[in-house]
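Shown next, in structure tokens, is the structure this report addresses.
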Amino acid sequence: MKQLVASLIAQSIDNLKQAGTFDADLQANIQVENTRDKQHGDLASNVALTLAKAARRNPREIAQLICDNLPATAEVTKTDIAGPGFINFFISQDATAAVINKIIEHGNDFGKCQVGNNQSVQIEFVSANPTGPLHVGHGRGAAYGASLGNLLSVAGYNVQREYYVNDAGRQMNILAASVWLRYLALAGIEITFPSNGYQGSYVKDIAAELKTRVGNSLEHSAEAVTQGLPADAPEGDKEAHIDAIIDRARELLGPDNYEVVFAAGLDSIRDDIKDDLVEFGVNYDEWFSERSLSHNDQIEKAIKKLQDNDHIYEQEGALWFRSTAFGDDKDRVVKRDNGQTTYFASDIAYHLNKFERGFETVINIWGADHHGYITRVKAALTAMGIDADRLVVKLVQFAILYRGSERVQMSTRSGSFVTLRELRDEVGKDASRFFYVTRKAEQHMDFDLELAKSESKDNPVYYIQYAHARICSMIAKLATEDMSWDQEVGLANLERLDQDAEIALMQQLELYPEIIAHAAMAYEPHQIAHYLKDLASNFHTYYNAHRMKIEDVELRNARLTLSTATRQVLANGLQLLGVDAPEKM
RNA sequence: GCGCCCGUAGCUCAGCUGGAUAGAGUACCUGGCUACGAACCAGGCGGUCACACGUUCGAAUCGUGUCGGGCGCGCCA
């Protein structure tokens, strides 16, 4: 409808150019908007205001000229000039009701569009270190990423969802050491647990599972483990202490058994994260292992590629990437003086790998604490000859957690955190998914756990689900009330839908496709959530103002058809957000 | 110190590419089920859009500065 009105305006302006009223080279930027106040019609354009300067005429005069030269159509019943020169358009009931036909024709596909042009996009999100369960801070990235993936998919992108498993590096070795010490403790070999180890109780569970699987084959005496270790904090250095324990574990266990312990921790936690996310309605196409990069020499290859392009130099025994040549604050080490590659080197290799896999656009959803990495990763891409604009980084701001007015600190290492699973158990999947995704990603979010739990019944998601359930139950109970619903009869009588609440509901339904396109292009799934609240509100208002189950067969069928079209759009939208559309509540 | 994000009603948040009288939810106050689901609806109360200057027909929106909050600035991962 907007496009139609825009084309009418364009034709009118062309007519005026031909008549010599406007200069032939006058450029018009035609915008058509939905009006907020229905006294201003259904659609409005500010075109006369934007033309005022170039045409050297009073905006109201221009508006009058445009109105006088509009081609007549059945869709536009009236135009009006208001305020400083807005043109208001009143749309016929017939044209408005046509949206119901479209919804019924397309069903689950209503709202799909092709703004993505089948472009292949990879979206990587959550990617939390597999050193502990996901906590509520990860939930936001999960909800955002999953919804964005769904959104881009219906907008015509070819989407691949990926989780980058940080299964290499020191943190994983600390986890392995923690598991082993807990395993030894189960055998009665008491060793003071390092202050820098993973304290969470899940580590004990992994150790117990390991013990039932391997028996006592990994046991070593307390003396053998602790002999000659540097002191732990507070007397000594906790980092040196834990590193020494890792070395001792490797030495006593040997490479094969060390790998058994390491894998016990990694596999258990990664699988747990996977299950957790599935239950949260979040699914991936690929779980990409960081370790696979080094196994396949991809890190060396990436460094070589930078070297070949002459962006690497050696200093103090280390290899440096000259990222300052691409806008970074300082150059970055990719290989340390001890020969080990850095985490950044893995990241370069990983991003190179992504583009080598053929994705046209790569979207990274990162926590806000990673914003400092954007410049250096993009620098590396540029240095390797890849257009850095093909990498889109969306930062998700942290949820600041409160319990009442008390700030809650989250730390995986200390084991003091609220898990995503706990939140889901107490608040529910639908309410928590909706809660996260209602706020736009870059907005800071205050998350009061007490409030989230106590107010879960008031979560707006139920308002939307209720509208859906209400329609389902209305249809389901028709038979018991000696009534029926015939969609064909309804479609044949759409002109009966002339009440304000019906017009408003149909206009809201018509917005859905453009909301999808707009939200997809802006990477903003929260727009869907807000749209659905408004749609549900329109329906509830309608439902309370008018009866559906009435004797007038034509009007009854028309109203029920409008209601089921509404149900379809509610279901389509909720599906994008990973929220169920229940038939009963 | 430098960089990124943010500041809108008591609270939690929307506000499209600059557009008409800045909107929801919640809290508080009224009213509405002997008719389709009251997890609902109708109405009321509530704002110096952090502050200042600028850009222009028009600024919550764009620009500069100030104040306030979050985060980041390692041969850690």
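Everything numeric here is computed off the predicted structure, so don't read it as measured data. Chain letters run A, B, ... following the sequence lines, proteins first and then strands; every chain starts at 1.
- For A:Gln171 and B:C76, the CD to P distance is 12 Å, given to the nearest whole Å.
- In this structure, A:Lys78 is positioned above the aromatic face of A:Phe90, its NZ or CZ under 6.0 Å from the six-membered ring centre and within 45° of the axis.
- At a threshold of 4.0 angstrom between heavy atoms, the contacts of A:Asn129 are confined to the sugar-phosphate backbone, with no base atom among them.
- Regarding A:Asp369, its CG atom lies at a distance of 11 Å from the C1' atom of B:G70, rounded to whole Å.
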Exercise. How does each nucleotide of nucleotides 30-40 of chain B score, in 5' to 3' order, for protein heavy atoms under 4.0 Å: base (B), sugar-phosphate only (S), or none (-)?
Worked result: --B--BBBSBB
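- Under the Watson-Crick or G-U wobble criterion, with both distances below 3.5 Å, B:C73 is paired with B:G1.
- You won't find any donor-acceptor pair under 3.5 Å spanning the side chain of A:His530 and the base of B:G15, going by distance alone.
- In this structure, a donor-acceptor pair under 3.5 Å is absent between the side chains of A:Asn557 and A:Gln487.
- B:G65: Watson-Crick or G-U partner is B:C51, with both key distances under 3.5 Å.
- Distances shown here put a side-chain N or O of A:Lys440 below 4.0 Å from the OP1 or OP2 atom of B:G15.
- Atom P of nucleotide B:U12 and atom CZ of A:Arg140 are separated by 14 Å, given to the nearest angstrom.
- Side-chain atoms of A:His371 come within donor-acceptor range of the base of B:G3, with a qualifying N/O pair under 3.5 Å.
- If you measure from atom CZ of A:Phe86 to atom P of B:G18, you get 14 Å, rounded to the nearest angstrom.
- Residue-environment remark: CG (A:Asp500) stays at or below the threshold of 12 foreign heavy atoms within 6.0 Å.
- The partner of B:A59 is absent, by the rule that a Watson-Crick or G-U pair needs both atom distances under 3.5 Å.
- Of the inter-residue distances, the one linking A:His468 atom NE2 with A:Glu583 atom CD reads 7.0 Å to the nearest 0.5 angstrom.
- Ring centroid separation for the pair A:Tyr144 and A:His526 does not come in under the 6.0 Å cut-off.
- Taking atom CD on A:Gln397 and atom C1' on B:G7, their separation rounds to 13 Å, with Å as the unit.
- Figure legend. B:A42 is base-paired to B:U30; pairs are counted as Watson-Crick or G-U wobble with both atom distances under 3.5 Å.
- One can place CD of A:Glu239 at 15 Å from C1' of B:C75, the figure rounded to the nearest angstrom.
- A:Glu316 comes within 4.0 angstrom of a nucleotide base, judged by non-hydrogen atoms across all strands.
- Counting only heavy atoms from C-beta outward, the side chains of A:Val377 and A:Ile348 never approach each other to under 4.5 Å.
- A:Thr324 and A:Asp331 share a donor-acceptor pair across their side chains, judged by distance under 3.5 Å alone.
- Pair assignment for B:A22 gives none, since no Watson-Crick or G-U wobble pairing has each distance under 3.5 Å.
- Separating the CG atom of A:Leu505 from the P atom of B:C41 is a distance of 13 Å, rounded to the nearest angstrom.
- Taking atom CZ on A:Arg376 and atom P on B:G72, their separation rounds to 13 Å, with Å as the unit.
- Phosphate proximity of B:G19 to A:Gln31: absent, as no side-chain N or O sits under 4.0 Å from OP1 or OP2.
- In this structure, A:Ala522 reaches neither bases nor backbone, as no heavy-atom distance under 4.0 Å exists between it and the strands shown.
- Using a 4.0 Å heavy-atom cutoff across all strands shown, A:Asp243 reaches no nucleic acid atom at all.
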Problem set entry | Per-nucleotide protein contact string for nucleotides 55-60 of chain B (B base, S sugar-phosphate only, - none; heavy atom under 4.0 Å) | --S---
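- By the 4.5 Å heavy-atom criterion applied to side chains, A:Ile528 and A:Ile515 are counted as neighbours.
- When the side-chain nitrogen and oxygen atoms of A:His40 are compared with OP1 and OP2 of B:U21, none of them lie within a distance under 4.0 Å.
- Note on ring orientation: taking the six-membered ring where Trp is involved, the planes of A:Tyr350 and A:Phe288 are tilted (angle from 30° to 60°).
- For B:C5, its base sits under 3.5 Å from the side chain of A:His444 at one donor and acceptor pair at least.
- Ring centroid separation for the pair A:Tyr531 and A:Tyr512 comes in under the 6.0 Å cut-off.
- Residues passing the side chain to side chain donor-acceptor pair (under 3.5 Å) test with A:Gln527, sequence neighbours excluded: A:His518, A:Glu524.
- Residue A:Glu33 places its side chain closer to B:G19 than to any other of B:G19, B:G7, B:C76.
- Both distances falling under 3.5 Å, in either a Watson-Crick or a G-U wobble arrangement, occur for no nucleotide opposite B:A9.
- The side chain of A:Lys330 places an N or O atom within less than 4.0 Å of a non-bridging phosphate oxygen (OP1 or OP2) of B:G74.
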